[in-house]
> 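Have a look at this one before I ask anything.
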Protein chains: 6
Amino acid sequence: MPVVTILGNPNISVEDKREMVKKVSETVAHAYNLPIETITVLVDALPADSIGVGGELLIDRK
Amino acid sequence: MPVVTILGNPNISVEDKREMVKKVSETVAHAYNLPIETITVLVDALPADSIGVGGELLIDRK
Amino acid sequence: MPVVTILGNPNISVEDKREMVKKVSETVAHAYNLPIETITVLVDALPADSIGVGGELLIDRK
Amino acid sequence: MPVVTILGNPNISVEDKREMVKKVSETVAHAYNLPIETITVLVDALPADSIGVGGELLIDRK
Amino acid sequence: MPVVTILGNPNISVEDKREMVKKVSETVAHAYNLPIETITVLVDALPADSIGVGGELLIDRK
Amino acid sequence: MPVVTILGNPNISVEDKREMVKKVSETVAHAYNLPIETITVLVDALPADSIGVGGELLIDRK
């Protein structure tokens with residue numbers, strides 16, 4: 001605890017995930033005044049045919 | 001915002017997802033009195049060996 | 001199963017929730033070709049000081 | 001309802017999931033004093049390059 | 001990691017939560033073959049006017 | 001999209017949330033190479049009697 005879930009698209013490299021997880025964990029640990037060891041970050045992904053914005057699937061938006 | 005997450009089985013076609021996302025987004029936008037552009041819908045899926053109902057995996061239920 | 005989670009703001013009346021839950025359940029049951037009895041809908045809420053869009057809390061956006 | 005989500009690693013066999021879902025459902029049904037039929041359990045998984053603990057991806061922790 | 005989320009109704013005592021969290025953590029730790037220290041359990045709750053089953057709010061079901 | 005959910009304890013001030021949301025949104029936008037306007041951050045909270053770590057509620061851990 002705390003637990004951070006990031007739901008984005010699958011086009012993110014392991015290097016970008018590594019850097020993102022590090023920075024997000026530092027930011028969240030600082031905000032809650034907790035040791036960084038207590039922070040869990042989960043990076044999940046959904047394809048563009050499974051995400052809708054404004055009533056349209058991302059694959060249909062121009 | 002709002003964010004809608006739909007967790008179902010993987011046997012849904014892109015066409016059914018498209019129609020479902022459109023209708024759900026319209027319904028939710030109407031209920032919250034917000035423009036449809038603000039609605040995000042995430043359609044996630046789990047296989048039948050990873051869902052339990054009544055203590056049994058779906059693959060074990062008759 | 002399926003499980004639908006709707007995360008919105010707290011300013012929604014019970015009547016609007018009732019109608020939204022009914023319509024969303026019908027839409028999702030139809031899309032997955034499942035009886036409506038199998039659909040669970042969870043309507044959660046967060047206050048405007050706990051939601052960020054574009055890097056800003058909703059209470060700070062004009 | 002209730003809905004239980006278990007987010008773990010992908011290295012769990014169907015047999016272990018089956019037993020886990022049975023026991024967790026019984027425990028949760030007992031705690032809420034509800035029939036086990038009302039319990040839904042979702043077992044989701046993320047790979048080790050998508051989970052961060054203490055600011056580091058699991059693939060980077062020794 | 002793993003992270004377990006239990007979404008139920010608010011009518012659960014701290015004692016029942018305590019016992020549930022202990023048993024669920026033991027079960028999940030055993031299933032994933034991990035030390036119990038790695039298990040996080042989050043017990044969330046929604047009121048009966050915010051949960052729909054079969055298209056109806058729980059407050060409307062007999 | 002992307003959607004970030006941060007589940008922590010309730011003892012976080014609005015100012016700390018504001019700064020956290022800003023930094024997390026910037027970090028996530030950068031990682032996915034997307035405009036910050038597309039990032040939604042949800043800051044949820046649970047009391048210490050509803051969170052278990054290592055099989056124990058936080059209120060019971062010394």
Side-chain angles (χ1 to χ4, degrees), chain D, chain E:
Chain D
M1 256 281 301
V3 177
V4 181
T5 307
I6 303 171
L7 195 295
N9 63 60
N11 313 327
I12 180 170
S13 68
V14 173
E15 256 170 72
D16 285 338
K17 272 195 270 195
R18 180 179 287 123
E19 193 184 320
M20 177 176 73
V21 162
K22 183 172 179 294
K23 281 195 192 167
V24 167
S25 300
E26 288 168 354
T27 302
V28 172
H30 179 78
Y32 286 98
N33 197 25
L34 286 169
I36 196 171
E37 269 308 309
T38 64
I39 312 295
T40 303
V41 181
L42 309 167
V43 185
D44 208 347
L46 283 176
D49 70 359
S50 298
I51 298 169
V53 175
E56 286 180 308
L57 296 181
L58 288 191
I59 53 169
D60 297 333
R61 284 171 80 92
K62 297 127 279 267
Chain E
M1 253 283 299
V3 178
V4 181
T5 307
I6 303 173
L7 194 294
N9 61 63
N11 313 325
I12 181 170
S13 68
V14 172
E15 257 172 71
D16 285 337
K17 271 195 270 196
R18 180 180 285 124
E19 193 185 318
M20 177 175 75
V21 162
K22 184 172 180 291
K23 281 196 192 166
V24 166
S25 300
E26 288 168 355
T27 301
V28 172
H30 179 77
Y32 287 98
N33 198 24
L34 287 169
I36 196 170
E37 268 309 309
T38 64
I39 313 294
T40 303
V41 181
L42 309 167
V43 185
D44 208 346
L46 283 176
D49 71 359
S50 298
I51 298 169
V53 174
E56 286 181 307
L57 295 181
L58 287 191
I59 52 168
D60 296 333
R61 286 171 78 93
K62 296 130 278 269

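In what follows, every chain begins at residue 1, and chains take the letters A, B, ... in the order their sequences are listed.
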> With only heavy atoms counted, which part of E/L42 is less than 4.5 Å from chain D, the side chain, the backbone, both or neither?
neither

> Which bit of D/V43 is near chain E, if near means a heavy-atom gap under 4.5 Å: side chain, backbone, both or neither?
side chain

> Where is the tightest heavy-atom contact between E/A31 and D/M20, given as atom of each residue plus distance?
CB-SD, 3.6 Å

> Can you list the residues that meet the side chain to side chain contact (heavy atoms under 4.5 Å, CB included) rule with D/A45, with sequence neighbours excluded?
D/P10

> Any donor-acceptor pairs between chain D and chain E, under 3.5 Å? If so, list them.
{"unit_1": "E/V3", "atom_1": "N", "unit_2": "D/L7", "atom_2": "O", "d": "3.0"}
{"unit_1": "E/V3", "atom_1": "O", "unit_2": "D/L7", "atom_2": "N", "d": "2.9"}
{"unit_1": "E/T5", "atom_1": "N", "unit_2": "D/T5", "atom_2": "O", "d": "2.8"}
{"unit_1": "E/T5", "atom_1": "O", "unit_2": "D/T5", "atom_2": "N", "d": "2.8"}
{"unit_1": "E/L7", "atom_1": "N", "unit_2": "D/V3", "atom_2": "O", "d": "2.9"}
{"unit_1": "E/L7", "atom_1": "O", "unit_2": "D/V3", "atom_2": "N", "d": "3.0"}

> Can you give me the closest heavy-atom contact between D/G8 and E/P2, atom names plus distance?
CA-CB, 3.9 Å

> So which of D/I39, D/L7, D/I6 has the biggest tally of heavy-atom pairs under 4.5 Å with chain E?
D/L7

